[in-house]
There are 2 protein chains.
Amino acid sequence: CGAAMAGWARAVRGLLLDVSGVLYDSGADGGVPIAGSAEAVRRIKASGLKLRLCTNETQTTRENFVKKLRGLGFDVSVAEVTAPAPAACHILKERGLRPHLLVHDDLVPEFAEIDKTNPNCVVLGDAAENFTYANLNEAFRLLIGMEKPVLISLGRGRYYKETDGLKLDVGAYMKALEYACDVQAEVVGKPSKRFFESALAEMGVPPEQAIMIGDDIVNDVGGAQRCGMRALQVRTGKYRPSDENHPEVKPDAYVNNLAEAVDIILQQL
Amino acid sequence: CGAAMAGWARAVRGLLLDVSGVLYDSGADGGVPIAGSAEAVRRIKASGLKLRLCTNETQTTRENFVKKLRGLGFDVSVAEVTAPAPAACHILKERGLRPHLLVHDDLVPEFAEIDKTNPNCVVLGDAAENFTYANLNEAFRLLIGMEKPVLISLGRGRYYKETDGLKLDVGAYMKALEYACDVQAEVVGKPSKRFFESALAEMGVPPEQAIMIGDDIVNDVGGAQRCGMRALQVRTGKYRPSDENHPEVKPDAYVNNLAEAVDIILQQL
């Protein structure tokens with residue numbers, strides 16, 4: 001594995017890390033760091049490589065997210081996080097869109113500066129308990145009433161695991177609204193190409209000098225590769241052995257965890 | 001229109017009627033009969049033509065549905081109704097499936113005789129207020145935990161109108177679960193071919209001697225035509241003028257309402 005990576009890993013100048021399942025395992029209790037990951041983040045920073053956390057987290061603001069990660073021992077800052085809500089705000093401003101938000105209560109502050117009067121689009125996040133029958137009907141009615149319905153979805157995940165079991169992710173509700181309104185959602189977040197490109201632009205690193213490290217074969221690995229990046233899959237988080245037989249996506253390498261990935265990459269430099 | 005229908009309408013022996021939007025307009029208050037429809041049902045029966053109500057109604061039992069229709073002045077009986085829940089029960093028994101039900105409370109009695117212990121499939125209806133975040137997660141967890149997930153959906157409607165506005169229909173939630181579990185639902189109800197075929201079998205009339213009358217261009221007209229029936233679209237209920245430009249489905253004739261359809265058909269006999 002180290003040998004196979006040697007050729008291209010030598011050119012690396014920046015690393016993009018998925019967070020949940022790579023740095024820590026999430027849960028109602030705030031989550032648990034994955035062994036060796038906090039130290040790995042410190043080693044990346046000490047090496048001079050650029051670092052970017054590239055996450056689809058939409059249940060809270062970046063500020064609170066970073067606070068939680070720092071509490072778990074990770075030396076990271078808000079300026080190092082690329083997340084769907086700020087990327088969506090950028091698109092909303094650019095296109096003069098005024099969103100109706102169907103998102104988690106804790107995410108709402110990310111949209112504080114956005115005009116939300118007389119909505120001409122719907123922004124859908126992982127709203128969790130806010131995914132009520134009434135709220136879904138309300139979002140649907142607004143969309144179907146628009147001359148050209150615009151549905152922006154913060155990610156397209158199918159489901160995720162919490163300590164109390166599997167939960168439907170935003171992608172399932174996106175599909176419900178897509179079908180009901182006969183529209184296609186615009187996905188902001190991984191695996192969208194534009195989302196990875198903003199993360200790269202924020203780092204100032206071209207795709208061929210960047211490596212994405214994630215646990216999600218489709219959203220992390222596949223998405224990054226389609227942008228011209230190399231991508232490693234860690235065998236932590238939502239990784240499943242069956243991922244290694246994925247019909248479409250093949251990571252540039254597998255690593256047991258973030259610590260091993262950083263070991264190998266730093267050896268090449 | 002009458003002239004164009006003459007050729008084939010003469011052979012007709014049975015009529016299948018959609019209910020909501022053809023006999024009456026539904027609403028929280030119980031609904032309002034469509035002018036001339038109650039008299040039209042009486043004329044069908046007096047003519048000797050066989051009659052079948054072919055409905056995707058899943059918010060209540062057939063017994064209560066017929067009770068409501070009788071209260072609105074329609075001379076109909078439970079034995080004349082083909083509805084998704086009884087059709088689903090037939091399939092469940094046939095295949096030894098034990099359902100977890102995500103349906104409207106008032107529909108549950110239709111499944112009284114079905115073994116629901118240790119579920120090996122999920123049956124999804126228009127659950128309305130029962131479409132909660134918790135209930136959707138529960139149905140999802142059961143499905144994803146099955147070796148071969150079986151999802152049976154009572155219809156695949158996108159949305160419908162009630163007096164207080166548009167509501168997402170069962171099809172939207174079906175799509176959410178299909179996506180999350182990477183399965184394809186089996187649809188019981190219109191436009192499923194098997195569903196129309198059971199309605200025909202119950203009437204004892206072959207498709208070429210039956211006419212479907214409905215307001216839904218896809219689920220009523222398109223579905224019936226795929227079974228070899230002729231199908232008329234009424235310009236009541238959810239009919240929209242744009243239906244007349246539907247890219248795939250063209251009714252055998254348009255009629256203003258059920259009363260006009262029955263006038264024309266009875267003239268041919």
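By convention in this document, chain letters (A, B, ...) are assigned in the order of the sequence lines, proteins followed by strands, and residues within each chain are numbered from 1.
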Run the side-chain hydrogen bond (donor to acceptor under 3.5 Å, both in side chains) test on A/Gln233 and A/Asp243 for me, step by step, so that the C-alpha distance in whole Å, both residues' side-chain angles and the decisive distance to 0.1 Å come before the verdict.
CA-CA 9 Å; A/Gln233 189 177 10; A/Asp243 291 346; 3.0 Å; yes
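Annotation: the span from B/Leu166 atom CG to A/Arg141 atom CZ amounts to 7.0 Å, rounded to 0.5 Å. Distance CZ/A/Phe196 to SG/A/Cys54: 5.0 Å, rounded to 0.5 Å.
Under the 3.5 Å distance criterion, the side-chain polar atoms of A/His104 are left unmatched by any main-chain donor or acceptor of A/Leu107.
Residue-level contacts of residues 168-175 of chain B with chain A, in order of numbering, are B/Leu168, B/Gly171, B/Ala172, B/Tyr173, B/Lys175; threshold 4.5 Å between heavy atoms. Contacts with chain A (heavy atom to heavy atom, under 4.5 Å) involve no residue of residues 115-122 of chain B.
Between B/Asp216 and B/Lys190, none of the side-chain N atoms (NZ, or NE/NH1/NH2) sits under 4.0 Å from a carboxylate O, so this pair counts as no salt bridge. In this structure, A/Glu186 pairs ionically with A/Arg95, as a charged nitrogen and a carboxylate oxygen lie closer than 4.0 Å.
Using a 4.5 Å cut-off between heavy atoms, B/Phe140 touches chain A through its side chain atoms alone. Of the atoms belonging to B/Ala127, not a single heavy atom falls under 4.5 Å from chain A. With a threshold of 4.5 angstrom between heavy atoms, A/Asp182 approaches chain B through its backbone and through its side chain. For A/Ala134, no part sits under 4.5 Å from any heavy atom of chain B, backbone or side chain.
Within the 4.5 Å cutoff, no side-chain heavy atoms of A/Ile213 are placed close to those of A/Asp18. For the pair B/Lys167/B/Asp126, no side-chain contact is recorded, criterion being any heavy-atom separation below 4.5 Å from C-beta on.
The two residues B/Gly30 and B/Lys68 make their nearest non-hydrogen contact at O-CD, 3.5 Å.
Between the side chains of A/Asn130 and A/Asp105, a donor-acceptor pair is found at a separation under 3.5 Å.
Within a 6.0 Å radius of OH in B/Tyr179, other residues, nucleotides and ligands contribute more than 12 heavy atoms.
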